[in-house]
Amino acid sequence: PSPVDPTPSPVDPTPSPVDPTPSPVNPTPVPIDPTPAPVPPTSSPTEPRRERGDSVVPYRHDCDDSPDKKFRVNNHIGYQSCVWLKAREEWQSALCQPNHPAFTTCEETCNACRDTCEDTKRRFPVDDVKDRTCLWLSLRPKIQKRVCQAGNRAWEACPETCENCPTEEDPPLRTSPLPKNEQCDDSQRERFWVNDELQAQPCVWLRARPQWREKLCAHKESAASQTCPETCGVCQDTCEDGSEKFIVEGRGKHNCLWLSLRPDVQNRHCIGEDATIRNICRETCNNCG
């Protein structure tokens with residue numbers, strides 16, 4: 001017999017999956033905010049070295065480097081003094097910081113304060129060398145004892161190094177009435193040092209230049225005050241020239257200051273039958289009797 005009917009094909013084919021696996025409802029969200037960057041980096045522990053003239057640097061009468069104390073630099077250099085630091089500007093920026101011992105040991109060099117009395121930049125001769133500086137002198141205590149003497153140029157150029165500063169007990173001139181003194185006269189022969197350009201000058205030069213008197217007659221121990229006590233107001237003469245003007249034949253009207261600066265003219269006009277000039281310029285004409 002013929003074969004039984006063939007196996008029937010499936011009623012329905014296997015259905016495809018109902019739905020594909022759904023994608024996640026929502027993708028994983030990105031972080032709301034990215035991780036914040038670190039707080040601004042901590043500032044460097046060193047601060048710029050304060051320069052002279054900075055408004056935050058206080059003036060102090062006793063602003064000085066310690067002559068004895070030392071501070072540690074590093075393992076290689078070891079301990080050093082303020083004299084060492086003063087001569088090495090390349091080290092000052094690193095060591096002159098508020099958190100370093102050098103800052104309090106060498107207050108002036110590190111500009112922790114500012115002195116009311118400072119050396120100038122003028123140069124002066126020492127032995128065979130003509131252009132020494134106050135820094136050079138400050139680094140040589142043994143030479144200071146010989147060079148820092150009244151009358152030497154270094155004495156005037158380096159008041160701090162030479163300890164030639166006015167003290168609080170020695171105020172500037174003209175703060176009280178001037179004492180009268182019969183012997184209050186300017187020197188006729190001695191000169192005082194002004195600066196490298198003007199060199200040494202006599203009292204008649206200073207008497208004719210009011211703009212220089214305030215600076216050179218700053219205190220009674222200055223060379224100008226010692227040489228020219230009357231012009232600098234260290235004392236007041238009991239015999240003084242008058243303020244009136246007088247006629248000089250062939251030269252017009254002049255005053256006693258004009259006459260005091262011209263010794264050759266004094267010889268002609270302070271002596272003679274006409275007493276007008278010698279009575280007005282009593283001191284210049286030596287008519288104080």
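We're numbering straight along the sequence, starting at 1.
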Chemist: Check whether more than 12 heavy atoms from other residues, nucleotides or ligands sit under 6.0 Å from atom CG of Leu257, and answer yes or no.
Modeler: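 Yes, because the 6.0 Å sphere around CG of Leu257 holds more than 12 heavy atoms from other groups.
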
Chemist: Could you tell me if the side chain of Val147 sits less than 4.5 Å from the side chain of Trp155, heavy atoms only?
Modeler: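 Trp155 vs Val147: side chains apart.
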
Chemist: Could you state the interatomic distance from CZ (Arg213) to OG (Ser225), rounded to the nearest 0.5 Å?
Modeler: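 So the CZ of Arg213 and the OG of Ser225 are separated by 11.5 Å.
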
Chemist: Backbone N or O of Pro101 within a donor-acceptor pair of the Thr104 side chain at under 3.5 Å?
Modeler: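 Present.
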
Chemist: What do you reckon, are the aromatic ring centroids of Trp205 and Trp212 less than 6.0 Å apart?
Modeler: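 Yes; Trp212 has its ring centre under 6.0 Å from that of Trp205.
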
Chemist: Flag the pair Asp241 and Arg282 as a salt bridge only when some basic side-chain nitrogen lies within less than 4.0 angstrom of an acidic carboxylate oxygen.
Modeler: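 Salt bridge flag = no for Arg282 with Asp241.
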
Chemist: Hey, quick one: are Val248 and Ile280 part of the same hydrophobic cluster, counting side-chain heavy atoms closer than 4.5 Å, chains of contacts allowed?
Modeler: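 Yes; Ile280 is reachable from Val248 via cluster members.
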
Chemist: Would Gln80 and Arg72 count as a side chain to side chain contact (heavy atoms under 4.5 Å, CB included) here? Give the steps.
Modeler: CA-CA 6 Å; Gln80 293 295 339; Arg72 190 173 185 278; over 6 Å; no

Chemist: Provide the closest heavy-atom pair for Phe192 versus Pro202 in the form atom of the first, atom of the second, distance.
Modeler: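 Here Phe192 and Pro202 meet closest at CE2-O, 3.6 Å.
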
Chemist: Does some side-chain heavy atom of Cys82 sit less than 4.5 Å from a side-chain heavy atom of Thr105?
Modeler: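 Of all side-chain heavy-atom pairs linking Cys82 with Thr105, at least one is under 4.5 Å.
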
Chemist: Any heavy-atom pair between the side chains of Cys270 and Asn286 that's under 4.5 Å?
Modeler: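 Answer no - side chains too far apart.
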
Chemist: Any heavy-atom pair between the side chains of Cys217 and Leu206 that's under 4.5 Å?
Modeler: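 Yes - at least one pair of side-chain heavy atoms lies under 4.5 Å apart.
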
Chemist: Can you sort out the partners of His254 under ring pair (Phe, Tyr, Trp, His ring centres under 6.0 Å), two or more places apart, ordered by chain and number?
Modeler: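 Partners of His254 by the ring pair (Phe, Tyr, Trp, His ring centres under 6.0 Å) criterion, ordered by chain and then number, come out as Trp258.
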
Chemist: Ring pair (Phe, Tyr, Trp, His ring centres under 6.0 Å) with Trp84: which residues, sequence neighbours excluded?
Modeler: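 Testing Trp84 for ring pair (Phe, Tyr, Trp, His ring centres under 6.0 Å), a comparison that skips the adjacent residues, returns Trp91.
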
Chemist: Quick check: does any side chain N or O of Gln201 sit under 3.5 Å from a backbone N or O of Arg191, one acting as donor and the other as acceptor?
Modeler: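 Pair absent, no side-chain N/O of Gln201 close to backbone of Arg191.
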
Chemist: With a sphere of 6.0 Å drawn around CD of Glu190, does it hold more than 12 non-hydrogen atoms of other residues, nucleotides or ligands?
Modeler: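 For Glu190, atom CD is not crowded (no more than 12 foreign heavy atoms under 6.0 Å).
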
Chemist: Output the distance between atom OG1 (Thr227) and atom CG (Asp186), rounded to the nearest 0.5 Å.
Modeler: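 If we round to the nearest 0.5 Å, Thr227:OG1 and Asp186:CG are 9.0 Å apart.
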
Chemist: Mind telling me whether Phe71 and His100 have parallel, tilted or perpendicular rings, with 30° and 60° as the class edges?
Modeler: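 Because their plane-to-plane angle is over 60°, the rings of His100 and Phe71 count as perpendicular.
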
Chemist: When you look at CD of Gln199, are more than 12 heavy atoms from neighbouring residues, nucleotides or ligands closer to it than 6.0 Å?
Modeler: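 Buried by this count: over 12 neighbours within 6.0 Å.
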
Chemist: Nearest 0.5 Å, what's the OG1-CG distance between Thr109 and Asp65?
Modeler: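 These two atoms lie 3.5 Å from each other.
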
Chemist: Measuring only between side-chain heavy atoms, which start at C-beta, is Val126 closer than 4.5 Å to Arg140?
Modeler: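 They are not in side-chain contact.
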
Chemist: Would you say CD of Glu244 has more than 12 non-hydrogen atoms from neighbouring residues, nucleotides or ligands within 6.0 angstrom?
Modeler: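 Counting neighbours around CD of Glu244, more than 12 heavy atoms of other residues, nucleotides or ligands fall under 6.0 Å, so yes.
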
Chemist: One pair to check against side chain to side chain contact (heavy atoms under 4.5 Å, CB included): Leu85 and Cys110. What are the steps and the verdict?
Modeler: CA-CA 9 Å; Leu85 184 60; Cys110 287; 3.9 Å; yes

Chemist: To the nearest 0.5 Å, what is the distance between NE2 on His269 and SG on Cys281?
Modeler: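 So the NE2 of His269 and the SG of Cys281 are separated by 11.0 Å.
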
Chemist: Provide the closest heavy-atom pair for Cys203 versus Ser187 in the form atom of the first, atom of the second, distance.
Modeler: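 Minimum heavy-atom separation between Cys203 and Ser187: SG-O, 3.7 Å.
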
Chemist: Check for me, please, whether Trp136 and Val129 land in the same ILVMFWY cluster - side-chain distances under 4.5 Å, paths through other members count.
Modeler: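 In one cluster with Trp136: Val129, no.
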
Chemist: Kindly indicate whether the side chain of Phe124, heavy atoms from C-beta on, has any atom under 4.5 Å from the side chain of Cys158.
Modeler: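 Answer yes - side chains close enough.
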
Chemist: Between Arg122 and Asp131, is there a salt bridge with N-O shorter than 4.0 Å?
Modeler: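 The answer is no: the pair does not qualify as a salt bridge.
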
Chemist: Quick one: NZ on Lys121 to CG on Leu135, what's the gap to the nearest 0.5 Å?
Modeler: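 Rounded to the nearest 0.5 Å, the NZ-CG separation comes to 12.0 Å.
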
Chemist: Do the side chain of Gln149 and the main chain of Lys145 share a donor and acceptor less than 3.5 angstrom apart?
Modeler: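 Side chain of Gln149 to backbone of Lys145, a donor-acceptor pair under 3.5 Å: yes, one is there.
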
Chemist: How would you list all residue pairs meeting ring pair (Phe, Tyr, Trp, His ring centres under 6.0 Å) that involve residues 223-252, not counting sequence neighbours?
Modeler: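 Matches after skipping sequence neighbours: none remain.
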
Chemist: Would you name the heavy atoms of Cys134 and Ala157 that are closest together and state the gap between them?
Modeler: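 Looks like SG-O, 3.3 Å.
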
Chemist: Report yes if the SG atoms of Cys96 and Cys106 are separated by under 2.5 Å, and no otherwise.
Modeler: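 Their SG atoms do not fall under 2.5 Å; no disulfide, then.
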
Chemist: Verify side chain to side chain contact (heavy atoms under 4.5 Å, CB included) between Asp127 and Arg146, making sure each step is shown before the conclusion.
Modeler: CA-CA 11 Å; Asp127 298 329; Arg146 175 168 59 88; 3.0 Å; yes

Chemist: Between Glu160 and Glu108, is there a side-chain heavy-atom distance shorter than 4.5 Å?
Modeler: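 The answer is yes; the side chains approach within 4.5 Å.
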
Chemist: Between Leu137 and Cys148, is any pair of side-chain heavy atoms under 4.5 Å apart?
Modeler: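 A side-chain contact under 4.5 Å exists here.
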
Chemist: Using 0.5 Å steps for rounding, measure from the CG atom of Asn195 to the CD atom of Glu156.
Modeler: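 Asn195 CG to Glu156 CD: 11.5 Å, rounded to 0.5 Å.
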
